[in-house]
Structures are given as structure tokens and as C-alpha cells.
2 protein chains.
Amino acid sequence: MKTDTVFKKAFNRTLDLMVRGDIKDALPSENEVRRRLGVSRTTIRKVLAELVHRGVITTDRRRVGDRQINPVDYFPDIETLPRNLHVEQQFMEWMLRGDTKPGTLINELDLARQFGVATNGIREFLIRFSRFGLLEKRPNSGWIFEGFTEDFALELFEIRVMFELRSARLFAKQPDQSPLWPKLEALKRAHLDLLEEIEHRFHDFSSLDNRFHRLINEASPNRFINDFYDIITFIFHYHYQWNKRDEKQRNHAALIEHLAYIDALLSHDPVGVELAANAHLSSAKETLMRSLVRMGRTDGCA
Amino acid sequence: MKTDTVFKKAFNRTLDLMVRGDIKDALPSENEVRRRLGVSRTTIRKVLAELVHRGVITTDRRRVGDRQINPVDYFPDIETLPRNLHVEQQFMEWMLRGDTKPGTLINELDLARQFGVATNGIREFLIRFSRFGLLEKRPNSGWIFEGFTEDFALELFEIRVMFELRSARLFAKQPDQSPLWPKLEALKRAHLDLLEEIEHRFHDFSSLDNRFHRLINEASPNRFINDFYDIITFIFHYHYQWNKRDEKQRNHAALIEHLAYIDALLSHDPVGVELAANAHLSSAKETLMRSLVRMGRTDGCA
DNA sequence: ATATTGATTTTTATCGATAAGAGGAAGAGA
DNA sequence: TCTCTTCCTCTTATCGATAAAAATCAATAT
């Protein structure tokens with residue numbers, strides 16, 4: 001039996017639309033709502049039915065009633081997360097926080113019980129996750145966890161540098177009329193904005209980081225490079241979610257490096273691009289390696 | 001209910017051992033057989049029980065009887081293939097032979113019925129397969145097949161060249177005492193042997209090809225490069241399984257290129273290595289691209 | 001006609017059940 | 001004491017069932 005997370009999320013989002021005034025008086029057609037929320041009409045109808053049932057809208061012509069919408073009407077956030085995300089989060093927590101050692105073998109059944117899902121869900125997650133190079137399957141037996149080790153990080157960065165330099169070079173070579181230049185300019189402004197407010201908005205850096213590196217790849221797209229960047233994004237997302245040490249400084253420094261990198265790109269100077277990219281990447285690597293060493297020492301020897 | 005392919009394969013292999021005379025008179029201990037076949041003792045016991053049941057060995061002390069072993073005693077090969085391999089093969093056939101167009105959407109239920117397995121098996125295969133960059137999942141809906149197109153091949157080769165040049169360079173730089181040099185020598189000899197008998201042994205090239213490129217990576221291992229080579233191996237394996245055109249010439253040419261490449265490596269000459277590697281890779285690319293174009297034309301316009 | 005809603009069919013996500021296979025504990029034999 | 005075997009438990013591979021969500025088809029209204 002599927003979870004009804006899609007419905008609950010759609011319901012909450014519909015309430016949002018009404019609260020924000022994007023929907024007032026009569027509701028738009030089912031198809032219109034469907035388009036806005038990006039779910040099927042079946043789900044929309046369920047949402048509408050529930051709204052009627054709760055007296056938020058009237059049955060005839062579905063007018064928005066004068067009933068106030070309050071926080072209790074919303075489904076709790078957890079119930080709007082699909083199962084596989086749930087599994088992912090719990091697994092990453094198990095792996096990164098639990099200080100899971102290289103060579104640990106993973107027991108599907110055990111994890112399934114721990115996470116409260118069927119073994120199937122665990123297995124599907126593990127298959128998906130295995131492309132990150134941290135797991136290996138022994139047929140008819142379990143999985144072996146290779147460990148989020150220094151070696152892993154070094155190998156990851158070796159590829160990352162190759163790919164990034166390749167893409168940056170190609171980006172710099174684009175014709176002047178390319179639509180990517182204005183995009184890069186916009187991104188530069190976003191960086192400057194963030195820099196101004198770095199004191200309290202430093203969390204926003206990671207999404208900017210992502211946008212930047214993906215933009216670099218857009219100049220000459222290659223699906224394998226893009227896929228590889230998924231790995232980086234994923235690993236960093238979870239790793240730094242639980243390693244907040246020096247987050248502000250880290251992000252501040254990276255922001256400055258990005259700006260130098262962007263300027264080098266904007267100046268079309270290949271040597272400068274290479275230098276700036278290298279500088280940024282090696283500092284990112286440094287940061288990760290340092291935090292890995294620290295992680296390993298959480299048992300008290302530092 | 002699991003399939004008993006492990007048992008059947010182990011059974012066949014045990015018969016092989018007896019036929020080949022590796023096992024005569026009394027059988028070795030369960031643990032010994034286990035070690036040789038690489039399966040669990042549970043499975044071995046099942047095999048032994050079956051052998052007794054069929055009168056191939058005697059119950060007491062498990063002596064090999066004088067009953068002749070004949071082909072009928074073997075389980076058919078198909079029953080020794082695990083389910084997921086089955087799915088894989090059928091899917092690849094569906095995709096490559098069926099001339100499946102880019103943008104085709106994949107229906108798990110439909111494939112499950114077609115291949116005679118539960119939807120779960122299909123889904124697990126698709127998740128595993130999606131790392132090859134040919135599929136994309138739409139949550140709560142199906143999968144979309146991106147197509148085994150020219151773009152795909154071009155992107156694949158761009159990465160392949162980057163990785164191979166990197167690895168070849170590092171390989172050439174190894175110290176003289178590295179154990180990889182003798183391995184390379186051995187591989188060279190294998191190439192020469194095959195070259196002599198190319199007329200009727202040209203099928204053996206692909207495994208040699210694999211060994212060669214994996215050896216190159218061994219000098220400075222990187223799991224992501226290795227994983228990427230899995231993609232290449234997989235794609236080529238199936239693609240050329242159904243595109244046998246010019247197979248002999250193709251392999252013959254590649255063999256010659258390999259030899260030049262190997263000699264360049266053995267001479268530690270970085271420029272020569274780069275040239276030879278490039279030459280080989282671009283010819284491999286040529287071959288693939290040509291066969292892709294032909295595939296597209298199987299509808300008769302050529 | 002065309003867009004909107006209503007009813008119906010298909011497909012996906014998810015669970016639970018079960019035979020096959022892995023592996024451990026302890027007795028039996030050398 | 002050590003290996004081999006028997007017995008037993010736990011895990012994986014695989015199926016089938018079912019609610020949720022998507023997709024399609026039919027009816028109605030504008």
C-alpha cells in the first residue's frame with residue numbers, strides 16, 4: 001500500500017495557495033490546479049474532496065468559504081516525505097553519524113526493522129546508493145560498506161578536478177553571445193548579495209554552490225559529468241549537514257573563491273580560469289579532508 | 001521464493017569436477033567442496049544429497065560409484081542463471097534489438113509480464129541500470145528511455161578518453177620494479193598469440209580488451225574510473241553481441257592498435273603513449289559510431 | 001467544439017509471506 | 001584437539017496482493 005504523501009503534500013500546498021491569496025473566491029479548474037502543483041488530477045480531486053469535507057470550500061461551485069485556515073489544518077511535514085527519502089535520510093544518518101567503519105556489512109533485514117520499512121525499500125535504496133562507490137554487493141549475501149574514507153575523498157576529488165577544469169575551459173571559450181554569460185553575471189550578483197549578508201545567511205551558500213558548478217557544466221553538457229556531480233552534491237549535502245564546524249568561515253572563504261573564479265571566467269582568460277578553479281577545488285578538498293580526519297577522532301583522541 | 005539457480009549451477013559444476021577427474025574415489029569434505037565452488041555449505045549438502053539420491057555417489061563415505069555421468073544428469077544452463085541476469089539479458093535485447101526509440105516510456109508492469117518476473121525484479125534492474133545514463137525516473141510514474149543515441153556515445157567517449165589518457169600516463173610513469181610491467185608483458189604475449197590465430201579465435205578479443213584496459217587502471221586505482229569502465233564493458237558487451245558485422249576485421253585492427261599501445265607503454269615514452277592511446281580510442285569510437293548509424297538504418301533506407 | 005468534471009482502467013509504491021541460501025553452534029568422529 | 005557433519009537460525013531473493021496515484025475514457029456543461 002502506497003503512502004499518501006503525494007496527496008498530503010498537495011493538500012498543504014493548496015492551503016498555502018489559499019492563504020497567500022493566490023487562490024480566492026472560486027477555485028480554478030481541476031486542471032489548472034493540477035498544472036500548478038504538478039500532480040495528477042486524481043490527487044487534486046482528492047484534495048478538493050477533503051477541502052469540502054473540512055468545510056474550507058463549499059460544494060457548489062467550490063467557492064472559498066470564510067472559514068479561517070489555521071496551522072492545524074496542515075498535515076505534518078513528515079507525512080509529506082516519500083518513503084524513499086525517509087530511508088535515505090535514516091541511512092545517511094546511520095552511516096555518517098554512527099561513525100560506521102569500513103568493512104561493516106549491511107543487513108537489509110536489520111535496517112528494514114530499524115527504519116520501519118519493508119526490506120524491499122532498503123534494497124532499492126542500497127542499489128541506488130551503490131553507484132556512489134561506497135557499497136558493494138555480495139550476491140546471496142549482504143552488502144559491504146566500503147567506508148567514507150580518505151581514499152574515497154581523494155578519488156572523488158581527482159575526478160572532480162578533471163571534470164571541472166574541462167568544463168571551465170570550455171565555458172570560457174564560449175562565444176560572447178552565449179546566453180550563459182548573462183546567467184553567470186546573475187550568479188555573480190547573487191554571490192555579492194550573499195557576501196553582504198554572510199553573517200546570518202551563510203546557510204544559503206550550498207545551493208548557490210550547486211547552481212554555480214552546474215552552470216559551468218551547461219556550456220558543453222555531458223551526462224556522465226552531470227551524474228558525477230550528483231554524487232558530489234549528495235555526499236556534501238549529508239556530510240556537512242552533520243559537520244557544521246566552521247560553517248560560516250568555510251562558506252565565506254568559498255564565496256570569495258567563487259567570485260575570483262567567476263571573474264576569471266568573465267574575462268575569458270584561460271590561464272586565470274585554470275588557476276582560480278584549481279585554487280577553489282583544492283581548498284574545498286582541504287576542507288573536506290580536514291573534517292574527515294576530525295570525524296575519525298570523535299572517539300576522543302583529539 | 002528464491003530460485004534454486006545456485007544449487008543447480010553448483011550441482012553441474014560438481015559433476016564437471018567428477019567427469020574431469022578432479023574428484024575421484026571419495027569426495028573431499030563439504031568444506032573443501034564449498035571452497036572450490038564458492039557457495040555455502042548448505043548448498044553443497046543439497047548437491048551431495050541429490051548426488052546420493054541419483055545414485056552417482058554412495059551414501060556411506062560418499063564414494064564415487066561406477067555409475068556413468070551423462071549429459072542428461074546436468075541441469076539445463078538456463079536454470080543456472082540467476083533471475084536478475086535473465087532480466088538484464090531480456091531488457092538489453094528489448095532495448096538494442098527492438099530498436100527502441102529515445103523518449104519511449106518504460107512500463108514496469110508491462111516488462112514484468114513480458115519477461116515473466118515480478119515487477120520488483122524489473123524495478124531493481126532499472127534502478128541498477130539507470131546509472132548508465134540511459135534512463136530517467138519520473139516519480140510515481142514510469143521511466144523514460146533516453147535512447148542509445150550518438151550523443152550518448154559521444155559523451156561516453158569523451159569521458160573514456162579523459163580517463164584512459166590519465167591512467168596511461170600514470171602507468172607509464174611507474175617505477176621499473178612495479179609488478180605491473182611483467183603483467184603487461186604477459187598481456188602482450190597473449191595479444192601476439194591471439195593475433196596468430198585471429199582467423200578462428202577472434203571472439204576472444206573482447207575479454208583481452210577488458211583485461212588490458214583494466215590493467216592500465218591498476219597503476220593508480222580510482223573507483224570512479226573503474227566504475228565507469230563497467231559501463232563501457234556492459235554497453236559494448238551487449239551492443240556488439242547483436243552487431244557482429246565486420247567483427248573479425250574490427251578485432252584484428254584493435255589488436256594491432258593494442259600492441260602499439262602496449263609497446264609505447266613498455267618504452268616509457270609519454271608522448272608515444274598518448275599518441276597510441278589516442279589512436280586506439282578514436283578508432284574504437286569510429287567503429288561504435290559507424291555501427292550506431294547502421295543500426296538506425298535497419299528500417300531499410302540503406 | 002472545447003474545456004470541465006465524473007467514472008474507470010492501469011501503473012506504481014509498498015507491504016508481507018516464503019523457499020533458497022548463508023552461516024553459526026554444538027555434537028560426533030578421528 | 002581438530003575437523004567434519006548435523007541441526008538450526010537468520011538473511012536474501014522472489015512472488016503476490018493492495019492502496020495511492022496516474023492516465024484514459026466518457027459524459028456533461030459552457
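Worth saying up front: this structure is predicted, and the values here are computed from it rather than measured. Lettering of chains follows the sequences in order, A, B, ..., and the numbering in each one begins at 1.
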Just to confirm, is there a sub-4.0 Å distance from OP1 or OP2 of C:dA13 to any side-chain nitrogen or oxygen of B:Arg123? yes
Integer-rounded Å distance: C:dA20 C1' and B:Lys9 NZ: 16 Å
Roughly how many Å is it from CZ in A:Arg138 to P in C:dG23, rounded to a whole number? 10 Å
Consider the side chain of B:Thr43, meaning its heavy atoms from C-beta on, and name the nucleotide among D:dC15, C:dA22, C:dT5 that approaches it most closely. C:dA22
Which part of the nucleic acid does A:Arg113 contact within heavy-atom distance under 4.0 Å: base, sugar-phosphate only, or nothing? sugar-phosphate
Rounded to whole angstroms, how far apart are CG on A:Asp4 and P on D:dT18? 19 Å
Provide the closest heavy-atom pair for B:Ile78 versus B:His86 in the form atom of the first, atom of the second, distance. CG2-NE2, 3.4 Å
Do A:Tyr74 and A:Asp16 have a side chain donor and acceptor closer than 3.5 Å? yes
What's B:Glu30 touching, base or sugar-phosphate or nothing? Going by heavy atoms closer than 4.0 Å. base
Separation of C:dG23 atom P from B:Arg34 atom CZ, nearest Å, is 8 Å
If you pin A:Pro139 and A:Met1 to their nearest nucleotides in DNA chain C, which one's is more 5'? A:Met1
Between C:dA22 (C1') and A:Trp143 (CH2): distance, integer Å: 17 Å
Determine whether any donor atom in the side chain of A:Lys2 lies under 3.5 Å from an acceptor atom in the base of C:dT12, or the reverse, and answer yes or no. yes
C:dG21 OP1/OP2 closer than 4.0 Å to side-chain N/O of B:Lys46: yes
Judged by modelled atom types alone, do B:His213 and B:Asn217 share a side-chain donor-acceptor pair under 3.5 Å? no
Name the nucleic acid region contacted by A:Lys137, choosing base, sugar-phosphate or nothing; use a 4.0 angstrom heavy-atom cut-off, strictly under. sugar-phosphate
So, does the side chain of B:Arg45 form a donor-acceptor pair with the base of C:dG21 at under 3.5 Å? no
Look at the side-chain N and O atoms of A:Asn107 and state whether any lies under 4.0 Å from the OP1 or OP2 oxygen of D:dT12. yes
Counting the atoms with a prime plus P, OP1 and OP2 as sugar-phosphate, which does B:Asn120 contact under 4.0 Å by heavy atoms, base, sugar-phosphate, or nothing? base
From the options D:dA22, C:dG23, C:dA13, select the nucleotide whose nearest atom is closest to the side chain of A:Val6. D:dA22
Whether the side chain of B:Asn222 engages the backbone of A:Glu155 through a donor-acceptor N/O pair (distance < 3.5 Å, no angle test) should be reported. yes
Within the 4.0 Å heavy-atom criterion, would you say B:Arg83 contacts the bases, only the backbone, or no part of the nucleic acid? sugar-phosphate
For a quick check of understanding: with a heavy-atom distance under 4.0 Å over all strands, which category does A:Thr42 fall into, base, sugar-phosphate or nothing? base
Rounded to the Å, how far apart are A:Leu27 CG and C:dA3 P? 20 Å
Determine whether the aromatic ring centres of residues B:Phe75 and B:Phe7 are separated by less than 6.0 angstrom. yes
Measure from CG on A:Asn84 to P on C:dT14 and round the result to the nearest Å. 6 Å
Taking CG from B:Leu109 and P from C:dA13, how many angstroms apart are they, rounded to a whole number? 12 Å
For D:dA21, does either OP1 or OP2 sit under 4.0 Å from a side-chain N or O belonging to A:Ser40? no
So does B:Ser29 get a side-chain nitrogen or oxygen closer than 4.0 Å to the phosphate oxygens (OP1/OP2) of D:dC4? yes
State whether the side chain of A:Arg54 and the backbone N or O of A:Asp73 hold a donor-acceptor pair below 3.5 Å, judged by distance alone. yes
At 4.0 Å (heavy atoms only), tell me whether A:Thr119 reaches a base, stays on the sugar-phosphate, or touches nothing. nothing
Per atom distances to the B:Arg41 side chain, the nearest of C:dA25, C:dC15, C:dA19 is C:dA25
